[in-house]
Each structure stands twice: as C-alpha cells, then as structure tokens.
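Step one of this worksheet: look at the structure below.
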Amino acid sequence: MNDEQARELPKAYDAGSVEAGIYTRWLAADVFAPDGAGSRADPAKPPFVIIQPPPNITGALHLGHAQRTTVEDAMTRHARMTGRSTLYLPGKDHASIAAQYVLDQILAGEGESRQSLGRERYLERMHAFMAETRPFMTGQLERVGASLDWGRERFTMDDGSALAVRTAFKRLFDDGLAYRAEALVNWCPTCRTSISDLETIATPETGTLWTIRYHLVDEAGQPEPAAWISVATTRPETILGDTAVAVHPEDDRYRSLVGRTVRIPFVERDVPIIADDVVERAFGTGAVKITPAHDLDDFETGKRHGLAQITVLDDEARVNEAGGPYVGLDRYEARQRIVADLDALGDLEGARPHDMIVGRCQRSNDVVEPRLKTQWFIRTKPLAAKAMASVREGRVEILPARFEKVFFHWLENIRDWNVSRQLWWGHRIPAWTCPDGHVTVSDRIAGPEACGTCGRPAAELTQDPDIFDTWFSSGLWPFSALGWPERTADLARYYPGTVMETGYDILFFWIARMMMLGEWLTGVAPFETVYLSGLVKDPYGKKMSKTKGTGVDPLTTIAEIGADALRFALVHGIAPGADVKLGQAKLDGARNFSNKRWHAARLVLGARPPEVPPNAEASLPAATDLGPAERWILGRCAATIEAVSRAHGAYQLGDVTRLLYEAVWNEFCDWYLELAKARLADPATTPAAKAATWRTLAWVLERYVRLLHPVMPFITESIWARLPHEPGDPDLLIVAGWPSPDRERALADPATEAAVESLLGLVRAIRNARAEAGLEASATLEADLVLPDPGVRAAYDELAEPLGRLARLKPVRSHAGLETLPASVAALVVISPAGEARLSRGSGDREREHARLERELADAHRRLAAADERLADPAFAARAPAAVVEAARLRRAELAAQVATLTSRLADDLGGEPTT
RNA sequence: GGGCGAUUGGCUCAGUCGGUUAGAGCGCACGGUUCACAUCCGUGAGGUCACUGGUUCGAAUCCAGUAUCGCCCACCA
C-alpha cells in the first residue's frame with residue numbers, strides 16, 4: 001500500500017503518526033485470529049495459546065495491565081512469527097464483588113444504594129455502567145498494540161460462561177465435591193456478603209484484652225457472689241453468645257471447677273465449665289469463654305462438646321434479639337456498654353493493650369465477622385491433590401520455579417471453599433429447594449423439572465438467591481472461553497493452553513483454582529506453563545495506586561512517548577516474578593531507543609547507492625563483495641538472532657530487550673553504520689562493493705526489525721513497509737517469519753570478526769589517549785600504525801579509510817613491525833592488543849601524556865604481579881583445569897609484553913619535540 | 001509464628017557452569033555545530049559485590065550464620 005510513497009521516513013520520529021493506522025491495517029488483514037485470512041501459520045506446528053487474566057470490566061487499565069499485555073503480546077507475536085497459529089483471546093471479567101463495590105460507591109454519590117434500587121434495577125444499572133467502561137478498555141488494549149483475536153472475545157457473564165458455570169457446579173455436586181452446609185463463614189458487614197478466606201486480610205492491630213469474672217452457680221442454681229472464674233477476651237460483646245467456659249484438662253488451678261456451671265451475665269444463661277486441650281494455660285487467665293457462633297476455634301470446640309451455637313449479631317453486625325438488653329446496638333457500641341456494665345458490677349478485673357490479628361475485608365476493609373450461615377462449599381482436598389500432582393509430575397511448569405513451594409504450601413493447607421455470595425451481580429447458584437427442604441442442582445438454564453428427591457414440580461421449587469464467588473467462573477476460564485462444556489473445534493485445538501500469564505498476586509485466587517477445576521472437569525491441566533509476572537511499582541518501590549495518584553493511564557504515557565517506547569520500558573530488564581520500578585528515566589531511555597531505531601532506519605533508507613535499484617528485492621551480498629566490517633556485523637547479527645531466539649524460548653523478555661538494545665545501539669549504530677557510511681562515501685569503493693555494503697545495511701536492519709517486532713510492533717511495522725524484502729515475504733511484518741541465523745552465519749568468519757573487534761579496540765584506545773592527552777578533539781593527526789598480526793593488518797588495509805575517520809587520523813601509514821617505523825617518528829603512543837599507534841602530537845600536553853603512560857605502566861605492573869602470583873602457586877597448576885591455566889599463561893605473557901612495550905616507550909625520546 | 005525474595009558505583013539494575021581486568025542505562029565531569037539521530041557523538045571518574053565464618057587452587061557466584069529492607073502465608077482467646 002505504500003509502494004507509491006517515498007521510501008524515506010519522515011525526518012522527525014513522531015510516535016503518534018507512526019502508530020496511526022497500523023492497528024487498523026492488522027485488523028483489516030485479519031492476522032490476529034489463528035485461523036484468520038491473513039494468518040500464515042503452519043497447521044502442522046503446535047498452536048501457541050496464551051491465557052491472560054480477563055481484566056475487571058468496571059476498571060480502566062493501568063500500567064500493570066499494560067505490562068502484562070505487553071508480555072503476553074510479545075510472546076504471542078514471537079510465536080506467530082515462528083509460524084505457529086496463535087490464540088490470544090480477549091476477555092473481561094464481571095468481577096462480582098469488585099464491580100458491586102465500585103458501583104455502590106457511584107450510587108452512594110447519587111444518594112442511591114443497592115437496597116433503594118432493588119435487584120432488577122441494580123443489575124440494569126450495572127449493565128449500563130459496563131457499557132461505558134468496556135469500549136474504553138478495548139481502546140486501551142488497541143493502543144497498546146495487543147494482537148488479540150477480537151472475534152473470539154468473551155465475558156465471564158455471557159451465556160457460554162453461564163452454561164459452563166452451571167455444568168461445572170452440577171458435576172462437582174454429582175461428584176460429591178459441592179455441598180451445602182451450615183458453617184462459620186467470613187462475613188463482611190459492609191459488603192453484606194460472605195467472602196472467602198483469601199479475601200480476608202489478616203491485619204495486625206492493637207486491641208484490648210479484658211479480664212472478666214463469670215460467677216459460679218451453686219447447687220441451688222444461684223450465682224455465688226464470691227466465687228468466680230476469670231476469663232480473658234478481646235471481644236466482650238460476644239459474651240452474649242457464650243455457651244461454655246473452657247480450661248485445660250491438666251490445669252491444676254481449675255481442675256476442681258470442671259463440670260461446674262457459671263452464669264453468663266446480661267443474658268443470665270448458665271453454661272458449663274469444660275476441659276479441652278485447645279486452651280493455652282499460659283495465655284490470659286488460662287480460662288477461655290466459648291462462643292461457637294462467632295469464633296472459629298470456639299466453633300470447633302463447641303462441636304466437640306455438643307454446645308449450643310447462639311448467634312448474637314445480625315448481617316450488619318448489630319446485636320440481635322438474642323442479645324437481651326443490648327439488642328440493636330452496633331457491635332462496637334455493645335462492646336463499650338458491656339465493658340462499662342461489667343465494671344459497674346465489679347466483674348471487670350482488668351484491661352490491657354493486646355497485639356492481635358484482625359481479619360479485614362479485601363474490598364471494604366471492614367472487620368470481618370465469623371458468622372454461622374448455610375452456604376455452598378467446594379470440597380477442595382481432592383481437587384488440590386490433582387493440582388499439586390500436575391506440578392509435581394511436570395505437566396505444569398511454574399516460572400519462576402520458586403513459586404512452586406508457595407503454591408504447594410497453600411494447597412496443602414487449603415480449607416473448603418465457600419462459593420456462596422449474598423450479592424446480585426454474578427452467576428446465580430443453580431440449586432433449588434423444595435418445600436420439604438430437598439436440594440436439587442441442575443445445569444438446565446430453566447432449572448430442574450422437578451425436585452430430584454420427592455418429585456415436586458418445578459413451580460414449587462425456589463432457587464438459591466445467592467450467586468457464585470466471581471473466581472468460580474474465572475477458574476473455568478481456560479476452557480469455558482473456548483466453548484466448554486460443548487465439544488467445540490476451538491476446545492479441541494486450543495485446549496489446554498500453552499502459557500498462562502499473570503501476576504504472582506493471584507497465584508491462589510486464580511491459578512490454583514483454574515488448575516483444580518481444570519484438572520477435575522476436563523481431565524487435563526489447563527496450561528503447560530505458568531508465567532508469573534512481577535508487579536509494576538512506582539520509582540519508590542510502592543504499588544501503583546489510583547488513590548495515591550501513582551496509578552497511570554497507559555494512554556497518557558503513550559501520548560507522551562508512544563506505545564512502542566512504553567512497551568519497551570515495561571519489559572526492559574524484567575524477569576519472571578521480579579517486581580519492576582518504572583520511573584521517568586526508564587521511559588526516557590525507551591523513548592530515546594525508539595528514536596535511535598527510527599533514525600538508523602532513515603539513514604539506511606536514505607543511503608541507498610544508485611547501484612541498487614529503488615525497488616530491488618532484498619538479498620544477501622555475494623561473499624566476495626563483503627568487506628571485513630560487513631563480515632563482522634553479519635557475524636554479530638547471527639549471534640544476536642541466536643541469543644534473542646534463546647531468550648524468547650525461555651520467556652526471558654528482559655534479556656530480549658537488553659540484547660537488542662546493545663546490538664542495535666552499540667554495534668549496529670555506533671560502529672557499523674559509521675563504517676558503512678565511510679565505505680559508501682569512499683570514491684575508491686567499487687560499485688559492487690557499494691551495493692554489497694548497502695545490502696548488508698538493509699539486511700541487518702531488516703533482521704533487527706523482525707527481532708524487535710514482538711516488543712515494538714508499531715515502529716517495526718512502519719519501517720518494514722519501507723524496506724526491501726525477499727520474494728515470499730508478506731506485506732505485513734506481523735506475519736513475517738522469525739529469522740534464523742544460518743545465512744548470516746555462512747557469510748561471517750570468526751577470524752575476520754576477531755580482527756575487526758581488535759581494530760575497534762584500537763580506535764577506542766586512540767580516542768581515549770587523545771582525550772587523556774588533552775588533544776583537540778577535532779584535530780586530524782598523522783599516524784603510524786604497527787599491526788603485527790597479518791590478519792589484523794589485512795582487515796585494517798580494507799578499513800583504513802573509515803577507521804581513520806573514526807579515530808581522526810590522516811594520513812595513516814601502516815607497518816608490519818616496529819623495525820619498519822621511521823626512526824624520526826616520535827609522538828603520542830597508543831598500545832592496544834591489536835598493535836601500536838604513534839600519532840603526531842598536535843597541540844597536546846606532553847606532560848599529561850607522559851603521566852598517562854606512567855599510569856598505564858603502573859597498572860600493567862600491578863596486573864602482571866597478580867598474574868605471576870597466581871601462576872606461582874603450585875596448587876593452581878595442579879588443580880585448576882588445563883584450559884584455565886593455559887589462559888592464565890597467555891594473559892601473563894600479554895601483560896609482560898605490554899609492560900615491556902610501555903617501559904621501552906617511556907625510555908624513548910618521548911620528551912623530545914615531534915619530528916614528523 | 002512460618003516461608004520467600006532482595007542487598008553489586010550517587011540512582012535503577014545485568015552478571016551464564018565458581019575461572020582473565022565485575023558490566024550497562026541514568027546521573028556526574030570533560031570535550032564535540034560535517035550530510036540518521038543534541039531524544040545525539042566521544043572520553044572519563046566512580047565499586048572492600050551488606051556483614052561474619054566456611055568450602056575451594058580460585059567465591060559477587062556455593063554453604064552456614066547475622067543484619068537491614070520488601071513480600072506472602074498464619075483460627076490462639
């Protein structure tokens with residue numbers, strides 16, 4: 001489409017205009033879908049399926065999402081270029097409790113509430129809200145460049161997910177893994193729902209430990225004013241629900257009291273003193289009040305002793321009618337009143353500060369109340385066993401591996417999963433109860449036709465009003481998004497997935513549950529590899545947070561530096577499981593790299609010599625037309641292709657960007673572009689050599705464009721459109737092939753590479769010496785080079801012009817050995833492994849230069865002494881591998897030569913006037 | 001209470017299987033206006049690899065312990 005346009009790139013790099021239209025072209029070409037019209041995938045290769053956590057429908061994406069998306073997208077793009085069909089399926093999560101929490105806040109601002117609207121209107125409002133956020137999030141993903149298969153987009157509340165949820169639940173119920181029971185659950189009084197253990201955050205707090213007296217009851221049933229047992233509690237309001245006092249069975253202090261009865265104040269209930277070894281004798285008074293309906297430990301103790309369970313708080317954590325005189329009071333008000341009343345009775349023995357752990361709701365931060373409720377639970381032990389086995393047996397790999405231990409620890413100690421939520425936004429639990437209390441679970445959308453136990457007709461059944469924990473449907477995602485339980489073609493081809501990418505913060509919430517449910521329901525682990533991303537932190541290492549103003553909309557950053565630079569910054573230096581700090585410096589660096597990339601391409605495109613026709617296809621030059629620099633860069637290019645491919649294979653994106661940054665900036669731009677420019681400009685260069693030089697430039701540029709595409713898709717696609725290609729290459733880079741290093745390798749040559757490296761080292765040494773000696777930077781100096789190695793000298797002869805330019809030397813006379821040097825030459829001396837350079841001194845400072853050589857000599861002496869010491873140790877020669885010893889010997893010889901040369905040069909007439 | 005991770009120049013981080021002189025970016029200093037790029041180019045300074053001990057011919061790297069920071073898990077009133 002751009003054939004008519006000039007091949008030159010605009011002078012300034014403007015990310016916005018570079019990116020414009022490219023996403024649309026990808027969409028139009030239908031290249032995102034694994035089976036899209038533009039796909040060039042090889043059906044014989046195994047597909048690559050990435051699984052992403054569907055983001056919450058109600059939120060906007062932040063930089064953390066952008067990072068995950070970049071990681072997922074880069075993996076997907078790499079796989080696509082290797083010819084695999086790739087599935088990167090977009091989704092949104094209905095996020096039941098999180099969404100309700102957000103919507104409730106909005107409603108509160110309008111003076112409305114969940115209750116004031118009622119279930120139906122509330123859900124209508126939720127849909128309206130989603131209709132606003134959804135397109136915004138989709139737009140964000142497009143701007144970031146995510147190559148998502150939009151045709152397969154799914155939502156965890158769509159009909160397919162609903163069917164999956166019903167089917168999964170029925171299967172679990174039929175398998176005896178879902179059960180309904182009355183048990184203590186974590187209750188959030190603010191959210192008015194139960195929550196899972198994971199959503200209950202253990203928070204350290206300093207509370208108060210009160211010591212209070214319960215009076216013993218005598219044989220006549222009267223409390224004894226002078227006889228009591230003291231108990232310690234942090235929750236005096238639960239006194240109202242006490243049904244026993246427990247002591248340790250071997251506690252001599254209380255042995256005689258076991259079996260007696262005490263009276264609970266205010267509710268005037270007589271309860272037994274029991275013995276149970278759950279009691280810690282050293283804590284408090286060694287006697288503990290037992291409130292089975294409001295404490296997990298007490299619940300267990302109560303069951304062991306057959307105690308009554310008396311609930312004294314309601315859904316809003318207010319004292320209920322069981323609470324006698326305190327009915328209607330909030331739990332904290334009741335606590336204060338009870339403490340005061342006990343004090344008035346003389347039964348408050350003491351109060352002291354006490355450090356403890358309080359469970360708080362992940363959403364509302366309210367203190368979670370253990371409450372007795374009849375709810376649905378998933379029996380997790382059998383599921384956990386399967387999930388653990390899949391990792392132990394190597395069917396699932398977790399990256400980084402250290403998270404395996406965390407994963408096992410959690411699953412080994414897992415408790416049953418309460419999946420009932422008393423919320424409205426979510427999947428309704430497909431369980432129906434008949435008037436006789438029989439429960440029927442059905443996967444039919446209309447519900448069961450009749451009670452499964454007594455046959456009462458559907459009309460007499462009532463559905464459970466509760467909905468599922470949002471993570472229940474999320475746990476089905478890898479297969480429900482592909483059509484399960486239907487036996488769809490997608491499910492057959494793309495399940496199980498290849499890589500599951502997400503942050504380590506939802507290892508338990510999501511990954512563990514997907515594995516538990518996936519193994520049980522589909523018989524296989526839902527993915528092969530779990531790639532755990534680190535979290536994106538602000539420059540101070542804090543979590544990005546919208547409330548603190550550190551949460552950034554990716555679109556803002558994209559507007560500033562472009563999507564490519566943002567993506568680069570987000571993955572540069574990352575490793576699985578490691579958090580990254582993202583600050584302005586990193587963003588600037590990425591922007592600069594994009595800029596560098598752009599201008600390098602401009603140079604190459606603009607440098608095409610007339611020998612190469614404008615529409616020529618790309619090809620590697622003939623070996624005979626290559627100069628040493630071309631062989632060198634082709635060798636480096638091959639090495640980069642290999643290293644980057646390896647890094648992708650290991651999912652080490654941080655290495656990918658590091659390798660490419662170095663290859664593009666330090667090798668290609670800093671050295672090869674300069675060498676190639678000079679060769680192209682040199683009138684002595686033959687037309688064939690000029691063509692070969694440019695073809696090398698274009699070729700290597702093109703390889704690096706391919707290699708960079710997964711991370712920086714827009715700028716590379718844009719450059720690709722202007723580059724020459726080989727026959728068979730597609731119009732769009734996104735579906736071009738991932739390079740293999742073979743052809744570059746065939747043209748490279750290690751000896752030439754080494755020779756060029758050492759010449760570049762010589763240039764560096766000369767620049768260094770000139771700067772150190774205080775020579776005028778722009779002055780061009782005459783020079784004599786002594787290059788003893790014939791290979792290096794041969795390479796030099798071909799590169800004399802460009803190297804002279806880089807070191808600012810002219811004219812340069814090269815010599816095979818010192819003896820061929822004119823005796824009159826007396827100048828700045830530069831010694832490097834490649835050889836020796838003597839420059840006319842120009843306007844430099846002789847004393848500074850002398851001092852420089854002295855320093856170098858002292859340095860060489862020190863190193864030589866260290867090398868000698870090492871070699872002198874007989875144990876080293878005896879025990880170290882031969883290769884290491886040999887290397888040390890060579891090193892020692894090199895140092896000795898350097899010392900000799902430096903000594904000799906210093907002894908020469910360096911102090912004399914230049915004679916050249 | 002249990003577990004995990006980190007500690008390398010002023011800052012942010014690489015560092016492979018233990019093996020030449022521990023690297024990079026940013027920042028800093030000095031110097032650069034020729035036709036890709038000042039979002040640039042060149043040069044340099046700057047490190048007791050947290051500490052202690054051990055293993056080894058040899059330790060930033062392996063082992064043990066300590067310290068500091070961060071994170072995860074945890075039903076003792």
Side-chain angles (χ1 to χ4, degrees), chain A residues 9 11-13 184 197 202 209 231-235 238 246 278-280 283-285 287-291 295-300 354 356-357 359 370 400 402-403 405-406 409-410 413 415 504-505 507-508 535 537 539 541 561 565 572-573 575 577-586 588-589 591-607 654-655 658 661-662 665-666 669-670 673-674 677 681 764 767-772 774-778 806 808 859 862-863 866-867 870 873-881 883-885 887-888 890-892 894-895:
Chain A
L9 297 169
K11 183 160 169 52
Y13 169 61
L184 272 192
D197 293 343
L209 186 67
V231 299
T233 183
T234 55
R235 303 207 53 195
T238 63
V278 74
V279 178
E280 189 70 44
F283 188 91
T285 61
V288 54
K289 60 193 259 337
I290 302 295
T291 322
D295 182 279
L296 202 59
D297 274 334
D298 294 1
F299 181 73
E300 297 297 328
H354 178 62
M356 56 187 198
I357 304 291
R402 64 186 147 85
F403 277 96
K405 218 185 281 185
V406 183
H409 180 259
W410 189 74
N413 297 291
R415 293 192 296 167
Y504 61 74
D505 54 337
L507 180 62
F508 308 137
L535 307 178
K537 305 284 186 74
I561 64 170
H572 192 48
D579 294 346
V580 282
K581 285 180 226 180
L582 185 69
Q584 196 56 45
K586 207 166 190 180
D588 286 345
R591 179 203 53 182
N592 294 353
F593 182 63
S594 304
N595 187 64
K596 190 74 178 175
R597 189 83 212 69
W598 180 259
H599 287 285
R602 271 190 65 218
L603 167 67
V604 171
L605 292 169
D655 287 346
R658 186 174 48 76
Y661 186 94
E662 284 166 10
W665 203 313
N666 302 338
C669 291
D670 286 353
L673 285 185
E674 297 304 324
K677 269 198 288 190
R764 235 178 257 123
R767 285 169 169 174
N768 169 352
R770 291 176 53 127
E772 290 279 296
L775 296 185
E776 207 181 310
S778 55
L806 292 175
R808 286 194 188 280
D859 206 39
R862 212 183 53 242
R863 293 183 203 286
R870 191 174 181 209
D873 183 354
F876 175 66
R879 302 230 187 176
V884 172
V885 176
L890 284 175
R891 172 73 186 145
R892 198 244 161 234
E894 207 173 84
L895 284 166

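Lettering follows sequence order; numbering is per chain, from 1.
No engagement by A:Asp505 is indicated, since no non-hydrogen atom pair under 4.0 Å with the nucleic acid exists. When heavy atoms are screened at a 4.0 angstrom cut-off, A:Asp873 is found touching the sugar-phosphate backbone but no base atom. Among the heavy atoms of the strands, none lies under 4.0 Å from A:Val604. The residue A:Lys581 sits close only to the backbone: its heavy atoms come under 4.0 Å of sugar-phosphate atoms, none of a base. When heavy atoms are screened at a 4.0 angstrom cut-off, A:Thr234 is found touching the sugar-phosphate backbone but no base atom. At a threshold of 4.0 angstrom between heavy atoms, the contacts of A:Lys289 with the nucleic acid are absent. When heavy atoms are screened at a 4.0 angstrom cut-off, A:Arg658 is found touching the sugar-phosphate backbone but no base atom.
Side-chain proximity of A:Arg808 to B:rA36, B:rC26, B:rU34: nearest is B:rU34. For A:Trp410, taking side-chain heavy atoms from C-beta onward, the closest of the listed nucleotides B:rA36, B:rC73, B:rC37 is B:rC73. Ranking B:rU43, B:rA77, B:rU21 by closeness to the A:Glu772 side chain, first place goes to B:rU43. For A:Phe283, the listed nucleotide lying nearest its side chain is B:rA77; candidates were B:rU43, B:rA77, B:rC37.
When the P atom of B:rG5 is taken as reference, atom CG of A:Leu507 falls 15 Å away, rounded to whole Å. Atom pair A:Glu300:CD and B:rC76:C1' shows a separation of 13 Å (rounding to whole Å applied).
Remark: A:Lys405 is in phosphate contact with B:rC4, judged by side-chain N or O atoms under 4.0 Å from OP1 or OP2. When the side-chain nitrogen and oxygen atoms of A:Arg770 are compared with OP1 and OP2 of B:rG31, none of them lie within a distance under 4.0 Å.
Looking at A:Arg891, its side chain comes within 3.5 Å of the base of B:rU21 through a donor and an acceptor atom.
On the P atoms, B:rA45 is 43 Å away from B:rC72, given to the nearest whole Å.
Look at B:rG5: its Watson-Crick or wobble partner, with both distances under 3.5 angstrom, is B:rC69. Figure legend. B:rU16 is base-paired to no nucleotide; pairs are counted as Watson-Crick or G-U wobble with both atom distances under 3.5 Å.
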